[in-house]
Amino acid sequence: MTTLQSVPALGTHPASGSLPSRAETRDQLSRATYDLLVIGGGILGISTAWHAAQSGLRVALVDAGDFAGATSSASSKLLHGGLRYLQTGAVKLVAENHFERRAVSREVAPHLANPLTFYLPVYKGGPHGAAKLGAGVFAYSALSAFGDGVGHVISPAKAQRDVPELRTDDLKAVAVYRDDQMNDARMALMTVRAAVDAGAVVLNHAAVTGLRFTRGRVTGAELKDSTDGTEFGVDARLVLNATGPWVDHLRKMEDPNAAPSIRLSKGAHLVLKRTRPWRAALATPIDKYRITFALPWEDMLLLGTTDEEYEGDPADVSVTEADTAQILDEAAFSIKDQQLSRDLITYSFAGLRVLPGGPGDTSKAKRETVVTEGRGGMLSVAGGKWTTFRHIGRTVMNKLAALPGHPLAEDMEPMNRLPRKLPLPGIANPNAVAHRLLIDGPAPGPRMAPDTARHLATHYGSLAFDIARLANESPELAERVHPDAPEIWAQVAYARDHEWAETADDVLRRRTTLTIRGLATDDVRAGVEKLLAGKD
């Protein structure tokens with residue numbers, strides 16, 4: 001077990017080529033007038049900042065918390081076409097989702113996305129029959145141009161070989177299809193890095209305390225750095241409100257009489273230790289519209305999700321006892337009891353889907369992106385899916401180009417002239433990276449453990465070599481943060497110096513997997529805080 005005494009003493013000073021200090025970034029933000037100020041560092045705001053910077057605009061991005069600190073790191077971790085959308089006849093939407101999914105997983109971020117086989121169990125008395133689901137997965141794979149194989153039906157015995165905890169009582173058949181999964185927080189961080197590489201200036205843990213106005217137009221924001229209380233401001237020709245569940249809060253700063261524009265749906269998930277290896281995921285129909293997932297993810301099992309309207313403060317969203325009971329009860333339709341013991345739960349999390357305002361069941365509502373313009377000229381954007389994050393960025397940019405008076409169009413490179421599938425930093429074959437990490441270890445001393453090499457390769461791509469270099473230069477940083485996790489201390493130093501990590505939660509929850517594994521112990525947290533304190 002890690003103790004404070006064993007936390008590396010080396011690596012406590014920023015590495016060469018590291019990020020500017022927060023004070024330097026605040027000064028940079030305060031001195032310039034930006035073409036676009038994006039408020040909100042979830043994936044929607046991050047993607048827009050990335051595309052805006054690519055188009056030649058001077059872009060600033062701020063967030064009150066950490067990048068992807070709320071809903072964007074509380075997803076089901078899927079890049080998917082949306083099988084359930086076939087139920088509503090949204091064939092074009094599924095095809096578009098598949099195009100984006102395959103672009104991200106094959107060309108934009110193959111180092112951060114993993115193909116995953118899904119099994120749809122068909123039980124006696126269930127909401128769908130084998131013929132219907134078989135036809136559905138065939139159509140689903142056809143809409144992906146059969147790029148991931150052909151959807152088909154297999155026997156329960158074959159499915160159980162890949163998912164040993166699959167419940168086979170009354171199981172008639174299993175439909176098979178393929179999608180992709182990711183670590184959403186890592187994908188978001190790499191997109192922040194891409195935005196910065198394209199010229200954007202970013203700052204997390206900087207909350208908006210008010211908006212700046214010039215002759216009735218929103219022309220910037222007042223901010224407060226939550227790490228030290230420093231107050232500063234940013235001027236911008238256009239402000240984009242991409243604050244997700246808080247979008248109406250910021251709209252009321254612009255116009256106190258602004259009517260609500262969205263509603264929220266809570267999605268809760270549980271993370272459990274696996275009792276046996278899983279080589280496929282389960283997508284179990286609960287009713288005509290809903291599916292519950294059981295996903296092998298980060299050496300764990302991810303269960304969820306719920307879908308219910310949420311009317312409280314977004315900051316207070318959490319997993320309740322009722323959520324936990326619902327997720328376990330629904331998982332029990334297709335998973336054996338021993339895998340669903342509460343003793344196996346290591347972590348739980350909840351996020352808020354942002355849906356267009358209006359009546360109706362949230363589980364049937366469209367996951368569409370809505371862009372509105374306020375009376376002060378601030379644009380607000382909300383909604384959408386992780387899978388289509390690049391498309392959302394392009395959509396917002398097209399909206400900016402078409403604004404009345406075309407305030408930014410003359411300074412922007414048109415979206416259709418930019419690379420359609422620009423890769424994220426670190427793009428590489430993760431298998432090749434892992435192999436290199438294993439054979440290129442330091443001449444004296446132990447080589448990197450296989451699970452650490454694999455973890456670095458699939459979370460950083462070729463940037464893993466920078467972390468390996470830190471570990472080689474300071475052997476203390478090559479030690480594991482916790483004996484039961486693949487992460488090493490070099491990742492903490494790297495997160496501090498290159499990935500905007502300011503707090504222990506930034507590191508433990510979003511830049512590593514220690515929290516979701518249930519390994520963010522008091523000793524580990526204290527050690528991370530000690531290493532972070534060496535930043536300045």
Side-chain angles (χ1 to χ4, degrees), residues 19 25 28-29 32 34-63 66-69 71-73 75 79 99-101 103-105 107-113 182-204 206 234 236-244 369 371 379 381-401 408 411-427 460-461 463 498-500 510:
L19 299 172
T25 301
Q28 189 174 1
L29 289 169
Y34 290 85
D35 296 315
L36 180 67
L37 169 62
V38 180
I39 301 173
I43 189 54
L44 195 154
I46 295 167
S47 179
T48 301
W50 180 32
H51 284 85
Q54 287 180 56
S55 75
L57 295 182
R58 197 173 202 180
V59 181
L61 168 70
V62 297
D63 190 274
D66 189 22
F67 300 125
T71 298
S72 291
S73 60
S75 76
L79 296 165
F99 174 84
E100 285 296 314
R101 171 185 70 83
V104 172
S105 62
E107 298 167 84
V108 175
H111 52 312
L112 304 174
M182 60 174 174
N183 182 307
D184 47 13
R186 294 296 319 166
M187 186 78 79
L189 280 166
M190 286 296 191
T191 312
V192 174
R193 186 164 184 150
V196 172
D197 288 347
V201 180
V202 305
L203 190 66
N204 54 357
V234 181
R237 295 164 62 192
L238 189 71
V239 174
L240 180 71
N241 169 16
T243 53
T369 304
V371 183
L379 285 187
V381 57
K385 288 164 50 66
W386 238 115
T387 302
T388 56
F389 74 95
R390 297 181 324 123
H391 175 71
I392 291 171
R394 293 193 300 269
T395 298
V396 175
M397 292 307 299
N398 289 331
K399 177 75 173 178
L400 297 185
L408 299 181
D411 300 318
M412 290 170 52
E413 187 75 17
M415 282 291 103
N416 60 10
R417 294 183 60 183
L418 295 176
R420 197 45 198 211
K421 298 176 182 176
L422 193 67
L424 291 181
I427 183 169
Y460 300 85
L463 298 177
H498 299 281
E499 292 187 334
W500 304 277
R510 287 171 290 278

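Atom CZ of R193 sits about 8.0 Å away from atom CG of L19, to the nearest 0.5 Å. Rounded to the nearest 0.5 angstrom, I427 CD1 and M190 CE are separated by 11.0 Å. Note that OH of Y460 and CG of L189 are 9.0 Å apart. Values are rounded to the nearest 0.5 Å. Of the inter-residue distances, the one linking L57 atom CG with T48 atom OG1 reads 11.5 Å to the nearest 0.5 angstrom. The distance from the NE2 atom of H111 to the CE atom of M182 is 13.0 Å, given to the nearest 0.5 Å. Between the CG atom of L408 and the NZ atom of K399 there is a distance of 13.0 Å, given to the nearest 0.5 Å.
The backbone N or O of S72 sits less than 3.5 Å from a side-chain atom of W386, completing a donor-acceptor pair. Checked by atom type and distance alone, the side chain of S47 pairs as donor or acceptor with a backbone atom of F389 at under 3.5 Å. At least one donor-acceptor pair under 3.5 Å links the side chain of S73 to the backbone N or O of A68.
Residue A195 comes nearest to A49 through the heavy atom pair CB-C, 4.2 Å, listed as atom of the first residue, atom of the second, then distance. Summarising the geometry of G42 relative to D63, their closest heavy-atom pair is N-OD2, 4.2 Å, with the distance given to 0.1 Å. Between A60 and L29 the shortest heavy-atom distance is CB-CD2, 3.6 Å. What you find for A113 and L79 is that their closest heavy atoms are CB-CD1, 3.8 Å. A236 and V239 get closest at one heavy-atom pair: CB-CG2, 4.4 Å. Residue G426 comes nearest to L463 through the heavy atom pair CA-CG, 3.9 Å, listed as atom of the first residue, atom of the second, then distance.
L400 places a side-chain heavy atom less than 4.5 Å from the side chain of L379. Side chains of I43 and T191 form a contact here, defined as non-hydrogen atoms less than 4.5 Å apart. Side-chain contact between E499 and R186 is present, with at least one heavy-atom pair separated by less than 4.5 Å. Using a 4.5 Å heavy-atom cutoff, the side chains of L44 and V381 are in contact. Side chains of N241 and I39 form no contact here, defined as non-hydrogen atoms less than 4.5 Å apart. Two residues are said to be in side-chain contact when any heavy atoms from C-beta on lie closer than 4.5 Å; S55 and M397 meet this criterion.
With salt bridges taken as basic N to acidic carboxylate O contacts below 4.0 Å, none links K421 and E100.
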Q: Decide side-chain contact (heavy atoms from CB on, under 4.5 Å) for K385 and T369; before the verdict, give the C-alpha distance in whole Å, the side-chain angles of both, and the deciding distance to 0.1 Å.
A: CA-CA 8 Å; K385 288 164 50 66; T369 304; over 6 Å; no

Q.
L36 vs L240, test: side-chain contact (heavy atoms from CB on, under 4.5 Å). Steps then yes/no.
A. CA-CA 7 Å; L36 180 67; L240 180 71; 4.0 Å; yes

Q: Give the intermediate values and the outcome of side-chain contact (heavy atoms from CB on, under 4.5 Å) for residues F67 and R510.
A: CA-CA 9 Å; F67 300 125; R510 287 171 290 278; over 6 Å; no

Q: Just do the side-chain contact (heavy atoms from CB on, under 4.5 Å) check on R390 and W50 with the steps written out, would you?
A: CA-CA 9 Å; R390 297 181 324 123; W50 180 32; 4.2 Å; yes

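Under the 3.5 Å distance criterion, with hydrogens and angles disregarded, a donor-acceptor pair is assigned to the side chains of S75 and D184. For the residue pair N204/D66, the side-chain donor-acceptor check at 3.5 Å is satisfied.
Cation-pi geometry between R237 and Y34 is not met: the NZ or CZ atom fails to fall both under 6.0 Å from the ring centre and inside 45° of the normal.
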